[in-house]
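Presented below is the structure to which this report refers.
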Amino acid sequence: MDKRQLGRWFPVFVLPTLAAFCVAFFVPFVLGVWLSFNRFTTVSNARFVGLENYIRAFTADSDFVRALGFSALFTAVSVVTINLLAFALALLLTRGLRGTNLLRSVFFMPNLIGGIVLGYVFSLLINGILSFWGVDITYSATYGFWGLVALNTWQLAGYMMVIYIAGLQNIPGELIEAASIDGASAATTLWRVKLPLVMPSITICTFLTLANSFKMFDQNLALTAGAPERETQMLALDIYQTFYGRSGWQGVGQAKAVLFFLLVAALATVQLRLTRSREVDA
Amino acid sequence: MKTGKRIVAVLLTATLLLCLGGCFGGGEDAAVTVRYLNFKPEIADKYQELANIYEQKTGVKVVVETAANNTYEQTLAAKMSTDEAPTLFQINGPRGYANWADYCADLSQTQLYQHLTDKTLAVKAGDKVVGIPYVVEGYGIIYNKAITDKYFALADRKTGFSSMEEVNNFNEFKALVEDMQANAEALGIKGVFASTSLKAGEDWRWQTHLANLPVYYEFTKNKVDLTSDAVGEIAFEYAPQFKNVFDLYTDNSVTEKKLLGSKTVMDSMAEFALEQCAMVQNGNWAWSQIADVAGNKVKAENVRFMPIYMGIEGEESQGLAVGTENFYAINAKATEEQQKAAADFIYWLYSDEQAKKYVTEEFGFIAPFDTFGEANRPADPLAGQVMDWMNKEGITSVPWQFTLFPSARFKEDFGASLLKYVQGSKDWDTVVRDTVDGWKKESSAAAL
């Protein structure tokens with residue numbers, strides 16, 4: 001098919017998606033960025049104030065910076081725990097053990113539960129355990145932090161496991177066989193053969209966990225809601241609280257949201273570049 | 001692919017313009033409907049029934065939408081920017097008005113306002129009336145008379161009281177509560193008070209309602225003009241009294257102090273309903289929650305109200321805290337017909353015999369309009385108690401001044417502070433200092 005013909009089919013195949021993309025993503029996004037330079041209660045009574053909202057996001061209180069720190073730490077820890085667990089599970093479930101299929105579904109399932117429900121269930125579990133010491137999850141930010149990490153790991157590991165399984169199954173059998181004939185130990189095979197070949201999966205998985213952990217909202221709201229004293233408040237929750245906590249601060253919340261977007265986009269780009277460069281073709 | 005790119009460009013601009021037009025143009029509704037954004041999820045179904053009756057009678061369609069608990073402002077903000085903006089909504093007082101000033105129509109000429117018994121209750125801006133209160137509510141300490149009577153019948157009790165009417169100040173109340181706690185086993189309760197729910201979002205009974213009393217007494221003592229900037233600062237003079245009662249709640253509670261951070265209001269009401277405790281601080285709206293708890297043991301004739309005593313001078317004549325944060329407002333940006341339809345609907349709601357029956361019996365409202373007589377006394381036992389307290393000789397109700405609290409943010413911070421205090425990680429002086437600072441800071445932040 002030549003290019004001209006491709007162009008002719010454009011309205012049929014691309015237009016619907018493009019229209020949906022515009023309505024659901026492009027327009028709200030542009031509107032959102034514009035609103036971050038305004039003082040407003042609803043989108044129809046916005047008044048332009050320039051950079052004021054961005055300045056207030058940092059100067060009014062230390063919430064944004066604190067939430068940023070908490071989110072960053074949480075993301076760093078989560079990316080490690082999730083990917084280690086997911087990869088270990090994937091290795092375990094590609095060895096032809098009995099019940100592999102059942103176990104794969106079991107590990108995947110937490111991912112299908114909504115964040116609020118999960119947060120609620122985990123708060124019951126964690127509070128149940130902590131009650132032996134006569135405290136609950138709101139008692140210290142450390143409890144909240146590790147509670148969130150546990151929740152997030154439990155929820156996302158199954159999903160990442162599926163991606164790793166697909167990656168591991170794509171490794172040609174000859175390569176593994178050749179390695180074993182050459183006398184490579186299991187550890188060497190894992191390190192020198194399997195890992196380089198699942199690099200694309202690792203890219204995808206770190207990208208997904210990074211973005212998901214950094215953007216986490218409902219689990220945060222349901223598990224700790226920031227207690228004690230906003231110490232476990234992550235960025236998305238802080239944006240929400242800023243938007244709704246005071247009248248006249250919607251613009252500041254919007255400004256924080258724009259900064260949040262830039263951060264996530266920058267992080268993801270850097271991360272994607274870094275891992276891409278290490279991918280190998282089989 | 002030049003055409004492709006061009007199409008993309010055109011499309012993107014077109015949708016953007018279209019949306020901007022849509023957002024700012026505002027749609028026009030052919031048939032006049034009343035769009036009501038309801039604040040109270042607990043009676044959403046009943047509102048819908050009434051709306052159907054109204055439509056049958058007058059042909060005017062009433063769309064009732066309800067915001068989930070604690071999300072009214074958010075929902076309103078989201079809905080206001082759509083084509084289907086509410087024509088009838090509610091504001092929570094002067095601060096709420098400041099938020100929605102552009103959207104509040106003048107209601108001074110509406111029929112409903114003419115029938116308001118106490119015109120000072122309305123929210124006013126200059127000569128304009130912008131909010132009509134449609135229900136007054138009261139809160140205090142709800143107690144279970146069955147359990148207190150059981151206590152008064154105990155042979156080895158240490159206090160000399162023989163009925164709750166004799167308790168009318170903090171010292172007496174404290175003595176009673178502490179002796180009841182000592183006899184908890186004999187009374188079959190786990191603690192005198194239900195859990196002091198301090199989970200984020202569930203702490204409004206303390207950071208708003210309980211805090212109302214010291215703030216009210218402070219403003220009254222210093223003769224502060226409530227419409228002036230003087231409300232931008234508090235000294236929290238009555239903090240020790242606040243601490244008195246707050247400590248009493250947490251020291252004699254069903255739940256250990258360090259576990260209060262996960263308790264919800266619903267938990268507390270369930271404890272009360274299941275007779276695990278004898279008292280709980282809440283308002284008349286709580287009756288439906290108590291009655292709905294599975295296995296509820298509390299009988300309607302046994303739920304009683306008493307004022308919250310905290311050790312303030314002259315509190316013997318203090319009544320319940322009575323007021324409202326529910327004011328009808330009509331969207332000034334709606335068309336004339338829509339505004340009139342909304343005004344007609346609310347007047348019907350509080351004047352039609354059938355609707356009035358709903359208001360008192362199903363909603364359990366204490367309606368502040370002269371269209372309601374003795375015959376419309378609410379069936380709800382707590383609402384009835386509020387009326388009794390309001391009519392008691394020599395008793396003055398405490399008005400709701402928490403509508404003057406600077407922001408939701410202030411209340412959240414205060415609640416979080418209280419949680420840290422009961423957990424033992426913040427001392428009381430710091431709580432007081434943070435509260436005073438927070439009030440000042442939030443007042444100036446809101447004024448920006």
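Throughout, a chain's letter reflects where its sequence line sits, starting with A, and its residues are numbered from 1.
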* Asked: Do other residues, nucleotides or ligands put more than 12 heavy atoms under 6.0 Å from A/Phe48 CZ?
  ->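 Buried by this count: over 12 neighbours within 6.0 Å.
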Given a strict heavy-atom distance threshold of 4.5 Å, which part of [X] is in contact with chain A: side chain, backbone, both, or neither?
{"X": "B/Asp413", "value": "both"}
{"X": "B/Leu419", "value": "side chain"}
{"X": "B/Lys426", "value": "side chain"}
{"X": "B/Lys411", "value": "neither"}
{"X": "B/Phe410", "value": "neither"}
{"X": "B/Leu260", "value": "backbone"}
{"X": "B/Glu73", "value": "neither"}

Atom [atom1] of [X] and atom [atom2] of [Y]: how far apart are they, to the nearest 0.5 Å?
{"X": "A/Asp63", "Y": "B/Arg409", "atom1": "CG", "atom2": "CZ", "answer": "4.0 Å"}
{"X": "A/Thr138", "Y": "B/Leu259", "atom1": "OG1", "atom2": "CG", "answer": "8.5 Å"}
{"X": "A/Trp249", "Y": "B/Glu442", "atom1": "CH2", "atom2": "CD", "answer": "7.5 Å"}
{"X": "B/Lys258", "Y": "A/Leu130", "atom1": "NZ", "atom2": "CG", "answer": "12.0 Å"}
{"X": "A/Phe243", "Y": "B/Gln74", "atom1": "CZ", "atom2": "CD", "answer": "9.5 Å"}

* Asked: Is chain B contacted by the side chain of A/Phe29, its backbone, both, or neither, given a heavy-atom distance below 4.5 Å?
  ->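 Neither part.
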* **All ring pair (Phe, Tyr, Trp, His ring centres under 6.0 Å) counterparts of B/Phe402, not counting sequence neighbours** =>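 For B/Phe402, the residues satisfying ring pair (Phe, Tyr, Trp, His ring centres under 6.0 Å) (neighbours in sequence not counted) are B/His209, B/Trp400.
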* Among pairs that include at least one residue of residues 213-222 of chain A, which meet side chain to side chain donor-acceptor pair (under 3.5 Å), considering only residues two or more places apart or in two chains? ->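 Residue pairs with at least one partner in residues 213-222 of chain A: A/Asn152-A/Ser213, A/Gln155-A/Gln219, A/Asn220-A/Thr224.
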